[in-house]
Structures are given as structure tokens and as C-alpha cells.
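Every chain is numbered from 1 and lettered A, B, ... according to where its sequence line falls, protein lines coming before strand lines.
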There are 2 protein chains.
Amino acid sequence: MDLDLNTLSSRVYEDLKRRLNEGSLRAGQFIDLSALGRELGMSRTPLRDALIRLELEGFVVIYPRRGVMVRPLDLSDIRDIYQIVGALEGAVALKIGNRFQDEDADRMRSFIDAMRAALDADDFDAYYVANLAFHDVYLDLSDNGDLVRTVRTLKGRLYDFPRRTGYVKEWERASLVEHGEIEARLRARDYAGAASAIRDVHWSYEVQERFIRSYYFATGSQGR
Amino acid sequence: MDLDLNTLSSRVYEDLKRRLNEGSLRAGQFIDLSALGRELGMSRTPLRDALIRLELEGFVVIYPRRGVMVRPLDLSDIRDIYQIVGALEGAVALKIGNRFQDEDADRMRSFIDAMRAALDADDFDAYYVANLAFHDVYLDLSDNGDLVRTVRTLKGRLYDFPRRTGYVKEWERASLVEHGEIEARLRARDYAGAASAIRDVHWSYEVQERFIRSYYFATGSQGR
DNA sequence: AATATATATCTGATATATCAGTTGCGCAAG
DNA sequence: CTTGCGCAACTGATATATCAGATATATATT
């Protein structure tokens, strides 16, 4: 599936991602293939193709002959995702070498400033966009497409599916400090230090656990 | 797809993996769905389901309306896989903590001895089995199922698809030294050291490149 | 009232017919 | 001889009918 949207199943895959993002498909909810096919005006075959892909990416679970459920995200899932993203994103920083230039550090610095301004303005969406852009500065320097794709899929599961509207300001203020540390280490070409700041602090479940608990589970939106 | 083999597509998925392993489906080869369906006595639908999964795992490429090709493994793929496996397996060692006991180190030591004996006897299969078992000692201590599953899928792509029969003895002798280092660091509870031995040496593409080139490409079996 | 069994219903899985995008080939025109 | 066009052939994609495993419900038995 080369995902260039020239197949129905590619398009329905994107549509399902959008529904998961906006919350019209919610964790724990079962998906009725017949009803959805009728709504979308298509047979179940491209739906099945798309759902197989979503299952392998961790968004849904297909119970053969029983139903398809949107997969909830519990604390152990989040912990697992943190460990994988930390390891992989840390590996990108570790190996970044000469690809990283001062202008990359400058761009990271500007996104930190944008994040701070967004926090001051209580603008969660602006914070979210700047946060992703900050990390993308060095992720985009990696030529390991599978690694970066994996990281982005997993971040999507944390951030986008569903897309959340609230945030824990204290957490984001702490993240700003961490972002500053990452940028400083990269600017200093201390790649091992940057990798550690990413893996062992920023993407450490243990370090971030109290924020994670308050962000994902305090509102009772989902969880066990 | 819960992979308990109670669906046809699960069974055909396993069968296709076996064909990839034994080389009856080879890199670069196109798979004829109609012919394969007739051979297996089934429709193309479960074949498609299985191939979608294999595509997402990196074994094949589906060109819509054109064909399905077994994906070759080139040097950049191998480099990418090395980086991901190194990062993830290193992360397992880093976080292993109190789960790791002296008896685990003893088991690792026994697999090192088994690998040495296999090399002395020129027994590649025994070496291969002991090598996997060695790494599985600490991988099995991780409770991050997705991480370990990803590592195993990627190792499979390197080792098993196709399964190779030759080996580079010099490489394996060097690996033995690395295995000893990993075991010693874990036994000493030097988790950061173990993680580095795994990520920065054992699973470093740059460190292993000359062996990789001679193993994967010297026979001209595949490559560009 | 509890348990076992038979039957109905539900939903995904699969078979098959047909569609549709891609590529190859033959032929005409320059 | 080269190029462009029309058509045929190829293969995956999709629609639809049917199958089949899983679950719920009704009924019989203890």
C-alpha cells in the first residue's frame, strides 16, 4: 500500500484515521463494518484492508467474526510507547553527526520560543504544532525512513488518536526546560548528551509518569 | 489478526513466511496471486489479507494493480534495521534493572560456550540457535511486548528471510567477543555499559559493515 | 433455580464475479 | 526508423453473495 490515495482502501484508511483523531471513533468502541460501508457508499473489502493496516499499527483490534474495536490506550501501552520512542529518537540524535548545523539549532530555539509564547497565551494548538516542529528538526535529518515512520506513528497514538484539547501546563513548562537541554546539547555537538536527554528524561516514562497520569487519566476520559 | 491460526489468512501468512524463509519465494520475485491461490486451493481474499500484513512488516511490496514483489534487502535497509534493533535492544538492556539475575548471566555464558563450540565444529545451525537464545535471555525479561516483537520481526528480516546457510567465521568470532562483553556488563549490573555494547558495537552498522558486506553481498545472492 | 442443549442471530471471513489502473503490443503516420 | 495512439492483456481492487465461527437466546432437563 503505497499510500498515494489512488486506492479506495488508502482513502478509507485516511478517513478512519481522521475519525479516530476527531473522536467520532472512540477507544473501546466497536466499528460496524456493514453500517460504515453503507455510510461511505463502499463495500466492506476496502474497509477490511484499511482496518488490517490500522490493527498492525495498533489503533484497532480485529476479533475474527466478532467485531473490530478501537484500541484503548492504557498506562502500560503508554509506557511501552515511551520506551520505544525514547530509544529510537535518542538513536537519531546519537547518530546525527555532521548533518546537524547551527541553523538547525537556531530553528529549534525558535520553536522553543514559540512554545513558550503559546504557553503564555494558553494556546494549546500553537504549543502542539511548535512541539512537533521542534522534534522534527532533528528527525528530518535522519535518513532512516522506517525509524522515523515508526516514531511518528507511535507519537500519533499518544497525541492524535484521539486528539486532545487540554494540557497540563506544569508538564509543558517542564518540557520546555527539557527542550532547552536537548537544543543546547545538540548545538554543542554533544550527541550522546542529547540522546540521553531525549531517551532518559524527555521520553522516560518514569520521569514523566506523574504528568502522564494527570494528562491521560485525570479527566476519566479513558483508562482502567 | 490475533494470529492463532484460526483464520485462513493467518495460516497463509505463516505459509508465506515459511516460503520466504526457505527461499521458494525470493527477493525481487513477483508473486502471482491467482496461481498461488489455485495452488493453495483458496481464493485471493485471504492471500490479500496476508500480503497486506507482510507488506507492513517490510517483506513484500504491493504495487496496486501491477503485482506483489518480494522486497529485496539492500545495504541501506540493513543499515536502517541495525540502527532500530540496536536502539531498541539497547533500551531493553538499559531498563532491565533488578529483573536481571546471576542465573540469567549464567545462561548467557552457557550460550556463549555453545556458540564457541558450534564455531569450532563449523556448525552454523547450532551457532544460529545459540545466538538467538543468548539475546533472548534479556529480551524475554522485557515486558514491552511491542518493542520485543519489533526487534524479532526485524531480526527475522536479516536472518530468516531468506534463511542463509553460510556464515563469516571471522565475524562470528568477533561477535563472540562482543557477546562476552554484553554478558560481563549485565553480570556487573552495568546496564548503561551493556546498552552501549549492544547499540554502539554489536548492532552498530558502522562497526559491522565489513562483515555485513561480505556476508550479504559477497556471494552476489542479492544486492545492487 | 440451575444447567445443558439446541437454535437463532450476529459479524467477520472467504469465494467469485466484475471493475479498473497499468503495461505491453501492434499498427499507422511522419 | 521513430513516435504516437489505440487496443489488448495483465494484475490487483472492489462489490456482492455466501460461509462459518462466536455469542445470545429459548427451551428442555434435572
[X] side chain, from C-beta outward: closest of [options]:
X	options	answer
B:Met42	D:dA17, C:dA15, C:dT22	C:dA15
B:Arg44	C:dG21, C:dG12, C:dA17	C:dA17
B:Asp49	D:dG12, C:dT11, C:dT14	C:dT14
B:Thr7	D:dA15, D:dG12, C:dT14	C:dT14
A:Asp32	D:dG12, D:dT14, C:dT11	C:dT11

What is the distance, rounded to the nearest whole Å, between atom [atom1] of [X] and atom [atom2] of [N]?
X	N	atom1	atom2	answer
A:Phe30	D:dA24	CZ	P	11 Å
A:Glu55	C:dG12	CD	C1'	12 Å
B:Leu8	D:dG21	CG	P	10 Å
A:Leu36	C:dG12	CG	P	10 Å
B:Leu33	C:dG21	CG	C1'	16 Å
A:Met69	D:dT23	CE	P	14 Å
B:Arg65	C:dC19	CZ	P	14 Å
B:Arg66	C:dG24	CZ	C1'	15 Å

- Check the angle between the aromatic planes of B:Tyr128 and B:Phe124 and answer parallel, tilted or perpendicular using the 30° and 60° thresholds. tilted
- Mind checking whether B:Trp171 and B:Phe211 have parallel, tilted or perpendicular rings, split at 30° and 60°? parallel
Are [X] and [N] close enough that a side-chain N or O sits under 4.0 Å from OP1 or OP2?
X	N	value
B:Ser43	C:dA15	yes
B:Asn6	D:dA22	yes
A:Ser34	C:dT11	no

- Task: Using a heavy-atom cut-off of under 4.0 Å over every strand shown, decide if B:Leu51 touches base, sugar-phosphate, or nothing.
- Result: nothing
- Pick base, sugar-phosphate or nothing for B:Leu47, based on heavy-atom distances below 4.0 Å to the nucleic acid. nothing
- With B:Arg99, the salt bridge (charged side-chain N to carboxylate O under 4.0 Å, His left out) member among B:Asp140, B:Asp104, B:Asp143: B:Asp143
- Message: Nearest 0.5 angstrom please: B:Leu54 CG to B:Ile62 CD1, how far?
- Response: 8.5 Å
- Note on the structure: Closest to the 5' end of DNA chain D, once B:Ile31 and A:Gly41 are matched to their nearest nucleotides, is B:Ile31
- Kindly check if the number of other-residue, nucleotide or ligand heavy atoms within 6.0 Å of CZ (B:Arg26) is above 12? no
